[in-house]
J.: 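Have a look at this one.
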Amino acid sequence: LYEPNEHIEIGYALISDDSMFTRRIIEERLKEKKYSGIVQSFENGLELISAYSTLLKEKKTVDIAIIDLNMPVMDGLTAARAIRSLEAQSNNKEVPIIFFSAEKADDNFKKQMETLAPANYMNKGNDTNPDALASRVELLIAYMIDQHSKST
């Protein structure tokens, strides 16, 4: 399995999902694998954007954002567009985004994802086994961080 390279700057991982169960699994995996120094999770996209804006102002590094598509207050696509807007305004590098959702990735969604790159998608699936979900999360996070470290 992927182990972070020593040269990767450890920063923040941001998670936004309205399911506390899903947030906990993602948090546990991120902490266990030490993908980021600090893991923050939020129930909706608006909370995520508020935290991300604060981190940008404080010049903090964000390693990854994991965002559900269907959430109350602000959905995942709107949150991702806001992330890209904040990055453009502050001349910051784009944080990798993982859309983690039970929704299927149709052609319209895939086109929108291209405009939000670097972005990837993973279907949560219907498996209620926490280990299966955690394993899927771990593989995708490893892939995204590996891709991000190669681009730096």
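Nothing here was measured: the structure is a model prediction, and the numbers come from that model.
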J.: Has the side chain of D63 got a donor or acceptor atom that lies under 3.5 Å from a matching backbone atom of G11?
T.: yes
J.: Considering all heavy atoms of both residues, which atom of V39 and which atom of I15 are nearest to each other, and what is their separation?
T.: CG1-CD1, 3.6 Å
J.: Tell me whether S53 contacts the main-chain N or O of S50 through its side chain, where contact means a donor paired with an acceptor under 3.5 Å.
T.: no
J.: Could you tell me which residues satisfy side chain to side chain contact (heavy atoms under 4.5 Å, CB included) with A79, sequence neighbours excluded, listed by chain and number?
T.: L48, I49, M74
J.: Examine distances only and state if a side-chain atom of S101 and a backbone atom of N123 form a donor-acceptor pair shorter than 3.5 Å.
T.: no
J.: So how far is it from I26 CD1 to S19 OG, rounded to the nearest 0.5 Å?
T.: 8.5 Å
J.: Using modelled atom types only, decide if a donor and an acceptor are shared between the side chain of T22 and the backbone of D18 within a distance under 3.5 Å.
T.: no
J.: Restricting to pairs with a member in residues 39-59, which pass ring pair (Phe, Tyr, Trp, His ring centres under 6.0 Å), not counting sequence neighbours?
T.: none
J.: What's the verdict on side chain to side chain contact (heavy atoms under 4.5 Å, CB included) for D17 and I66, showing C-alpha distance, side-chain angles and the deciding distance?
T.: CA-CA 8 Å; D17 194 303; I66 302 169; over 6 Å; no
J.: Between K111 and E114, does any side-chain N to carboxylate O distance fall below 4.0 Å?
T.: no
J.: To the nearest 0.5 Å, tell me how far N44 CG sits from I67 CD1.
T.: 11.5 Å
J.: Between Q40 and L55, what is the shortest heavy-atom contact and its length?
T.: OE1-CD1, 4.1 Å
J.: For the CD1 atom of I83 and the CD atom of E94, what is their distance to the nearest 0.5 Å?
T.: 11.5 Å
J.: CG of N92 to NZ of K60: how many Å apart, nearest 0.5 Å?
T.: 13.5 Å
J.: Not counting sequence neighbours, which residues clear salt bridge (charged side-chain N to carboxylate O under 4.0 Å, His left out) with E87? List them please.
T.: R84
J.: Kindly give the heavy-atom pair with the smallest separation between A65 and V95, and that separation in Å.
T.: N-CG2, 4.1 Å
